[in-house]
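Heads up, the thing below is written out as structure tokens.
Proteins come first, then strands; the chains are lettered A, B, ... in the order of their sequence lines, and each starts at number 1.
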Amino acid sequence: MSTKGRIAGLALVTAGVATILLVHWMVAFWVPNEAAQGVVQRIFYVHVPAAWTTFLAVGIVAIASAVYLWLEDERADAAAVAAAEGALIFGAIMLITGPLWGRIAWGTYWEWEPRLTLTLLLWFTYLGYFLVRSSVADPRRGKRFAAVVAVVGSLNIPLIHVSVEWFRSLHPEAVVIKPEGPTLPSDMLATLLTSLAGFTMLFLGLFTFRYAVERLRRRTPPTATGETDEALI
Amino acid sequence: MNELRRAWLITLKDLRLEFRTGGRLLAMIAFVVLAGFLFAFALDQSQVAGRDVAAALIWLVILFASTAGAGRIFDAEEEEGAFRHLLLTPVSRPAIFLGKTAANLAVIWLVTALAFISLTAFLGVRDTGSPAAHAAVFLPGTIGLAATGTFFGRMSRHSSLGDTLLPVLTFPLLVPVIFFGATSTARVFLGRPWPEISGSARLLWAFAVGSVFIGAALFRHVTDE
Amino acid sequence: MNELRRAWLITLKDLRLEFRTGGRLLAMIAFVVLAGFLFAFALDQSQVAGRDVAAALIWLVILFASTAGAGRIFDAEEEEGAFRHLLLTPVSRPAIFLGKTAANLAVIWLVTALAFISLTAFLGVRDTGSPAAHAAVFLPGTIGLAATGTFFGRMSRHSSLGDTLLPVLTFPLLVPVIFFGATSTARVFLGRPWPEISGSARLLWAFAVGSVFIGAALFRHVTDE
Amino acid sequence: MTLEGQGLVCSYGPTRALDGVDIVAGDGEIVAVVGPNGAGKTTLLRALSGERRPDQGEVSLDGSPVSGADPGWRGRVGLVSHRTGLYRKLSVAENLNFFASLHAVPNPRNAVAQALETIGAATLAGTRVEALSRGQCQRVALARTLLHDPDILFLDEPFTGLDPAAAAALETALRARRTAGSVIVLVTHDLRRCLDLADRVVVLQRGHKVHDGETDSADPVDLLRYFTTTAADPS
Amino acid sequence: MTLEGQGLVCSYGPTRALDGVDIVAGDGEIVAVVGPNGAGKTTLLRALSGERRPDQGEVSLDGSPVSGADPGWRGRVGLVSHRTGLYRKLSVAENLNFFASLHAVPNPRNAVAQALETIGAATLAGTRVEALSRGQCQRVALARTLLHDPDILFLDEPFTGLDPAAAAALETALRARRTAGSVIVLVTHDLRRCLDLADRVVVLQRGHKVHDGETDSADPVDLLRYFTTTAADPS
Ligand code: HEM
Ligand SMILES: Nc1ncnc2c1ncn2[C@@H]1O[C@H](COP(=O)(O)OP(=O)(O)OP(=O)(O)O)[C@@H](O)[C@H]1O
Ligand SMILES: Nc1ncnc2c1ncn2[C@@H]1O[C@H](COP(=O)(O)OP(=O)(O)OP(=O)(O)O)[C@@H](O)[C@H]1O
Ligand SMILES: [Mg+2]
Ligand SMILES: [Mg+2]
């Protein structure tokens, strides 16, 4: 299973990276400039998919963690860690591209407004997730605590999504997922969707791979972890 | 009902431990008063209007006090390993959670009252607005803080990072509380009408009820092995 | 010189205990960053100029951190009664005081640096002024805080009031430090010339040197029976 | 009533403190668990009492699995551990009343007085725990354990710090509980007491059970051999 | 070398834990201090070691008064108390190295290894104290006490938690120190060990000395009487 998992993971990662390379080409040479913002708007095609992938990852962590708390199934925990690493990584991409864009679009890197702040806090929650995991001596307890943190922390997500509507905010509102349908020009939409597919595949690939590795590591006796870690890479 | 009585016993025990020495109360009063004094001193009042800052600082003092208190509430339990024996009695986990949260809350209320009085006094806030409106904001806010603190206070006991972990875990949840709390309190100071405050108050209540229920439901995961 | 080496050993041991797990550092960074943006969040920036507040808040964060740290620095000593055995070695009391103060100071410096960076960033202070001038203010200030914290942190261990007593004892001493510190830092932010700052800096140095010497001289009174 | 642990495995990180231990304790029986330092005795008690769920294996009472999550089970267990488990700032009576109430003991005040009496600590009732000497603390901890008439007792070196009078009182109390039909598991390093008091003795070594038999049939010298061959060992 | 306590009085608030106790311990002699729980044994050791200045009375070594404020004195004393006195987050070796360096032991690493060897804890060197079992902790605490070759030893129930192998090692170590001419004051509740190991036995009761004599001449039954007459008593 886990060998298969690793191969599937690698395949997905490869496909994801290839798609993202394609998106780079599209962003650089194919898609037209957005009228108001000019060339910086192209960071959109990284920022938005990163944000969505983060939410996807966070959702997986929350669900897997809830399942782990309920059934104490090791597989659920392995899935949660694998996805949580994704959330941390793609969240970081979002948090880096956002300010870069903001510097040009709003004239400031960061603004203390709810959407941005809540997003940053969400990222801190996942930092806490790994801190708890690693700092609790009893590994079983560490897993349980981390799961609790993930479940409780995920309650932030709906708040983030509605925060743009509740508060006057600098951050743009939804442009794709809205009741009246996408309001984006079709070539921009195509680029965005391609990029989204790439990011999603990359994430799912990393997720599958990490999951398989995690499963494998847990099956080996605890004293031998150090060596197997080396062997896997 | 039996479990509620047990929760109450735990609250009483915690409060007794907390106030065993009358001096502890005294020390806390002094702490909050001095903090108010310090803020008044540190902020250049010719440039900053006291009222704008008072609301924010009251909530920050409450936050710090409750974060510190959450750690302390489990100190006495661990000193001689008593918590382990408490867990070995038939008392249910939600009852322990509620009992300790109530004790935590009582202390937070004291701090809140003190912080309110000392900060408004030192920062020269003459007209503090409607007491009922203040209560409607502080009540849910402090309940949320107490429940969150109790829950994660227990969790951080098992971590080698100890209390340092506490703010990392609680602040992401509490920042919204502080934000809504501080803005609402500021509005009450300004004598704004209730509809401008009720939205935040509702959110604070949602957080309070949610954290108490979720905390009670999940508490066994942070106590039992 | 031998005593200095012993003091150094104690410092090393304390720092090792403090940072045994790399995560503690991470947790502390997260704490200060979160505290920084809590302040930024809670204070309504349209009404309050960030720079006026930043100096005061940096010093308050340092004060809170050093007060908490002083308690913690003796927690590990008491956990299994190790301090008693430390006192029973031939090491002199000033050496213990200096060793623990140095460890305390190292942690406070870290917090200071983090608080400085995060608060100026979050409160939008663009022009932070001369680094040398900042050092000239923070250096004596933090030394004073560390020495005072170590001294009274030990003293409060013997008191039934515990850590809560600490602020009551230290704040009256530290209020002037925070006051001079905060006003000087604010002036450095504003780019005021050195003579406007040097007076406060000298006072802070006097306090730092005084507290280290007096603390070292009197430490045996709060350790030995 | 039979308490049974089957194939118990407990690890602390990489250290296997228990490595597949089977143990049975019936009612009206005192089972002594002995073994060198670090053998896993305390860990075994933690697993049996339900405080720590074993990584593998199962604890059962009369065939049905036992779990620390079950309040009914917790109400029947009495535990003495390495630490006293008392609140230092509360008086002895306050401590005991608190635990008696949580255990829903019918007449708490009476039960507390009687438990203190049994172990010879009646005069200590009003004293704060922080002002007790070590042996006095241990007495109070024992009184707390006996408070709610537990019918399953786990005692981890309960004689620590007790003077001969208190130790004798404890022995009497344990014998009385045995007669009343309790399950008693006792960890001790005192070979004489073990042979004297226990009906059966289980020897642990490095997380394995290496001996299990009636004390009558056990040869003290033979038992002693288990102790002296292995010194403290971390794994 | 003679350690002497004269008319020692120590109170905790209104409680007189020691009420005028005289005690003498010579070199090459093991003096056992016994008595019921709460008799004041621990308090006596605190007073003798200089950790607590007595309210009245004086401690002297060879006639010159002794004080905990004197580093020379502190360098000669070794103490085992009710608590281990170790840093939980440090490893065993780190703990011992730290104390060895503060004692200015010439070759710390060697001394540490040897002290651990003596008490059968050599394999524990790399383990963090928080991961030790109770007996392992006690072994490390004993190793720390012997580290700097103290010639005055105060041992408060040092056998607590030790398995028979470690207890035997400790007895051997104490006998060796006695031969080397140390002053040894030992508190224990184990009457057999006391008669076996000590040269002289002092019995305390409620802060008073009620017996002081050679162990050869003491009648065990007589000694036991002191224990069984008084149970724990707060004052
Ligand atoms: C400064 C830090 C920033 C952060 C932390 C951030 C965070 C996020 C998040 C969490 C989302 C997903 C929201 C959702 O689907 O509900 C998102 C989407 C988006 N962001 Fe940002 N962002 C930042 C800056 C910017 C800037 C400067 C712009 C452009 C001016 C921008 C434009 C967008 C757009 C257009 C979307 C897609 C909205 C949608 O269709 O849902 N962001 N961002
Ligand atoms: N919290 C812990 N973390 C890691 N290892 C531990 C922990 N507690 C115990 N151990 C290890 O597990 C093993 C068994 O410990 P346990 O406390 O069960 O021994 P024990 O038989 O009770 O010993 P003793 O007679 O000294 O009390 C020991 O090797 C010990 O080092
Ligand atoms: N910190 C304290 N505060 C108040 N009273 C105390 C304190 N420590 C001890 N006592 C009291 O002093 C008396 C003597 O205590 P001490 O610890 O010296 O007894 P001990 O002989 O060592 O007893 P044990 O055999 O139980 O260890 C006891 O009555 C005890 O209650
Ligand atoms: Mg044990
Ligand atoms: Mg004693």
Side-chain angles (χ1 to χ4, degrees), chain B residues 1-25 27 72-100 103 157-160 216-225, chain D residues 10 12-13 43 45-47 49-55 67-91 94-105 108 128-130 132 134 137-138 140-141 144-145 147-148 150 152-154 156:
Chain B
M1 283 311 93
N2 206 3
E3 283 308 308
L4 276 188
R5 206 184 84 81
R6 282 176 168 152
W8 177 236
L9 285 172
I10 293 174
T11 307
L12 279 184
K13 186 266 297 170
D14 273 5
L15 288 178
R16 185 176 279 165
L17 283 173
E18 187 76 40
F19 298 117
R20 185 94 270 187
T21 45
R24 182 153 209 164
L25 205 64
R72 205 173 54 222
I73 225 167
F74 288 100
D75 277 350
E77 298 283 359
E78 292 300 338
E79 220 173 10
E80 301 282 337
F83 199 63
R84 182 180 171 189
H85 290 271
L86 176 56
L87 288 178
L88 212 71
T89 66
V91 65
S92 73
R93 283 21 179 172
I96 300 180
F97 176 76
L98 291 180
K100 291 195 97 64
R157 278 303 120 135
H158 280 293
S159 156
S160 60
L218 296 183
F219 198 57
R220 67 191 172 88
H221 290 297
V222 297
T223 54
D224 290 61
E225 170 31 32
Chain D
C10 283
Y12 300 101
T43 310
L45 288 202
R46 278 162 53 86
S49 66
E51 190 196 337
R52 189 184 200 284
R53 199 152 37 82
D55 301 337
S67 142
D70 169 20
W73 163 257
R74 295 200 302 264
R76 298 174 65 180
V77 169
L79 176 75
V80 175
S81 62
H82 285 332
R83 297 161 77 197
T84 59
L86 301 167
Y87 298 99
R88 286 171 60 81
K89 294 255 175 262
L90 296 186
S91 77
E94 284 168 341
N95 264 290
L96 295 187
N97 280 330
F98 175 66
F99 282 103
S101 310
L102 288 185
H103 271 293
V105 171
R128 288 232 192 134
V129 168
E130 60 184 349
L132 296 180
R134 178 191 236 182
C137 269
Q138 184 72 8
V140 176
R144 195 257 319 278
T145 304
L147 204 55
H148 57 289
I152 298 151
L153 272 172
F154 299 107
D156 203 349

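Note on D:Ala69, D:Ser49, D:Ser101: by heavy-atom pairs under 4.5 Å with chain B, the leading option is D:Ser101. Of the listed residues (B:Glu77, B:Arg84, B:Glu78, B:Glu79), the greatest number of heavy-atom pairs within a distance under 4.5 Å of chain D belongs to B:Arg84. When D:Leu86, D:Thr145, D:Val129 are compared by the number of non-hydrogen pairs under 4.5 Å with chain B, D:Leu86 comes out ahead. When D:Glu51, D:Arg52, D:Arg76 are compared by the number of non-hydrogen pairs under 4.5 Å with chain B, D:Glu51 comes out ahead. With respect to chain D, the highest number of heavy-atom pairs below 4.5 Å among B:Leu12, B:Leu9, B:Asp224 belongs to B:Leu9. If you tally non-hydrogen atom pairs under 4.5 Å between each of D:Arg88, D:Arg53, D:His82 and chain B, the highest count goes to D:Arg88. Across B:Pro90, B:Ala82, B:Ala95, the residue that shares the most heavy-atom pairs under 4.5 angstrom with chain D is B:Pro90.
Scanning all heavy atoms of the two residues, the minimum distance from B:Glu80 to D:Thr84 falls at OE1-OG1, 3.4 Å. Here the closest non-hydrogen pair linking D:Ser81 and B:His85 is OG-NE2, 3.4 Å. D:Lys89 and B:Leu17 make their closest contact through CB-CD2, 3.6 Å (heavy atoms, listed as atom of the first residue, atom of the second, distance).
To the nearest 0.5 Å, atom CG of residue D:Leu79 and atom CG of residue B:Leu87 are 11.5 Å apart. Between the NZ atom of B:Lys13 and the CZ atom of D:Phe99 there is a distance of 7.5 Å, given to the nearest 0.5 Å.
Under the 3.5 Å distance criterion, the side-chain polar atoms of D:Arg74 are matched with a main-chain donor or acceptor of B:Thr89.
Contacts of D:Ala104 with chain B are made by both backbone and side-chain atoms, with heavy-atom separations under 4.5 Å. Heavy-atom distances place no part of B:Arg220 under 4.5 Å from chain D, backbone and side chain included. For D:Ser67, no part lies near chain B; criterion is any non-hydrogen pair under 4.5 Å.
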